[in-house]
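Accompanying notes for the structure given below.
Lettering follows sequence order; numbering is per chain, from 1.
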Number of protein chains: 2
Amino acid sequence: MNADKIPDIIIGRLPIYLRALQRMADSGLRTISSQELGEMVGVSAAQIRKDISQFGEFGKQGTGYSIAYLLEKLREILKVDRIWNVALVGAGDMGHALARYQGFVNRGFKVVMVFDNDQNKIGQHIGDFIIEDTANMIERIKSANIKIAMLTVPAPAAQHIADDLVEAGVKAILNYAPISLNVPKSVKVQYIDPSIHLQRMTFYV
Amino acid sequence: MNADKIPDIIIGRLPIYLRALQRMADSGLRTISSQELGEMVGVSAAQIRKDISQFGEFGKQGTGYSIAYLLEKLREILKVDRIWNVALVGAGDMGHALARYQGFVNRGFKVVMVFDNDQNKIGQHIGDFIIEDTANMIERIKSANIKIAMLTVPAPAAQHIADDLVEAGVKAILNYAPISLNVPKSVKVQYIDPSIHLQRMTFYV
DNA sequence: TAGATTGTTAATCGATTAACAATC
DNA sequence: TAGATTGTTAATCGATTAACAATC
């Protein structure tokens with residue numbers, strides 16, 4: 001498998017498959033066919049098979065896929081067969097929710113530091129952390145060798161913080177600020193903006 | 001323009017354009033070319049023009065697009081030239097953050113009711129609201145004629161609540177629960193799951 | 001063995017890009 | 001008028017689907 005050749009749109013579906021398989025494993029199931037998995041996540045069986053076959057032959061004719069084995073392989077492919085330390089920037093309501101979110105650790109992530117530039121917040125507790133000063137952010141992220149950050153600052157501050165994150169060596173940013181970020185091609189950004197998601201649906205309502 | 005003929009992928013980009021234009025209008029700009037808008041949001045100029053031209057001729061050769069006019073048209077197309085009332089189900093950390101979020105109202109949305117099934121939470125305040133019992137949810141949503149809901153309940157409860165929302169007449173669900181929902185084709189779902197978004201990036205890190 | 005389901009190929013379908021006449 | 005930029009066409013590129021031999 002060559003990372004450069006795998007279409008981004010396929011990589012985007014793998015976490016969905018992974019999540020569904022994780023739930024099935026939890027409920028005690030052992031094997032699943034492309035047909036069944038497809039129905040569960042709303043994708044055609046042919047596409048499931050094509051996507052998975054990019055990375056190897058993980059299924060068995062007549063039987064389908066071993067859930068445990070496919071889980072293991074997908075975790076390897078997506079590199080979530082480990083725990084990634086994550087820095088959180090912005091200790092507002094959304095930052096608080098993410099700092100306390102229980103859904104990261106069994107999916108491969110762990111928030112390990114939280115930053116804000118508000119002097120009233122710095123030093124306060126948030127989840128298990130103490131809010132740190134963004135003034136020290138670059139240094140702290142560099143020395144902890146953190147590659148992933150979540151951004152929950154107001155829009156006007158987001159680009160500047162993103163620049164700092166890039167300088168600190170961060171390679172993946174989950175951006176909650178309602179603005180498109182400008183980063184080098186080597187840095188990935190994913191966007192979460194509830195208004196954007198809602199506006200994608202009102203057209204059809 | 002015929003809604004049935006517009007590809008979903010184009011509709012998905014319009015809110016991004018809208019958000020960028022809104023920022024530009026706020027900063028006092030008057031006109032913009034497809035080239036400039038494209039650079040801002042990371043899309044080719046040809047695609048910007050093609051996307052917009054699905055809905056009419058809104059630009060001027062030699063000049064580009066009037067920002068105010070394009071804003072107006074995009075809001076019309078996406079039906080966010082009004083305020084949509086939104087129901088929020090699940091008063092956990094994420095529900096609190098969304099109930100207090102300031103970024104909805106100038107984007108076309110307003111949270112107007114919040115539900116939870118926890119007897120300790122029901123009756124308590126959250127933002128400007130009092131948390132209501134999910135037992136009354138279907139009736140309340142129906143009589144308020146609400147078409148949009150946000151779901152921030154734990155995964156095991158999500159499908160059941162989604163069924164209730166559909167029964168109440170909701171046509172668009174923004175789902176924060178980490179699970180794929182099964183709903184009729186006439187109902188739209190958008191998914192926000194931070195772990196999924198992070199897992200789309202680790203492959204490349 | 002018979003039935004089921006994969007992995008893969010070829011065909012179809014859809015989206016993006018390049019290019020340019022029209023025109024502001 | 002000269003320069004700039006749209007809207008649109010045709011060409012290219014990429015993704016999805018259908019179908020089936022291979023095989024568990």
Return the nucleotide paired to D:dA15: Watson-Crick means purine N1 to pyrimidine N3 with N6-O4 or O6-N4, wobble means G-U with N1-O2 and O6-N3, both under 3.5 Å.
C:dT12
First-last contacting nucleotides on DNA chain D - partner chain A, under 4.0 angstrom, heavy atom:
D:dA15 to D:dC24
Evaluate whether atom NZ of A:Lys60 has more than 12 neighbouring non-hydrogen atoms of other residues, nucleotides or ligands under 6.0 angstrom away.
no
With a 4.0 Å heavy-atom cut-off, tell me which residues in residues 57-64 of chain B come close to DNA chain C, sorted by residue number.
B:Lys60, B:Gln61, B:Gly62
Salt-bridge present (A:Arg107, B:Asp193; N to O < 4.0 Å)
yes
Can you establish whether the number of heavy atoms outside B:Arg100 located under 6.0 Å from its atom CZ is more than 12?
no
Which heavy atom in A:Leu71 sits nearest to a heavy atom in A:Ala25, and how many Å separate them?
CD1-CB, 3.7 Å
Identify, between B:Lys50 and B:Ser34, the residue whose nearest nucleotide on DNA chain D lies closer to the 5' end.
B:Ser34
Between CD on residue A:Glu72 and CG on residue A:Asp81, distance to nearest 0.5 Å:
9.0 Å
Heavy-atom pair of closest approach, residues B:Leu98 and B:Thr152
CD1-CG2, 3.7 Å
Could you tell me the separation between the CG atom of A:Asp164 and the CG atom of A:Leu151, rounded to the nearest 0.5 Å?
10.5 Å
Please determine, for C:dA21, whether a Watson-Crick or G-U wobble partner exists with both distances under 3.5 Å, and give it or none.
D:dT6
Where do A:Ile48 and A:Tyr17 land on the side-chain contact (heavy atoms from CB on, under 4.5 Å) test, with the steps shown first?
CA-CA 9 Å; A:Ile48 299 262; A:Tyr17 304 162; 3.6 Å; yes
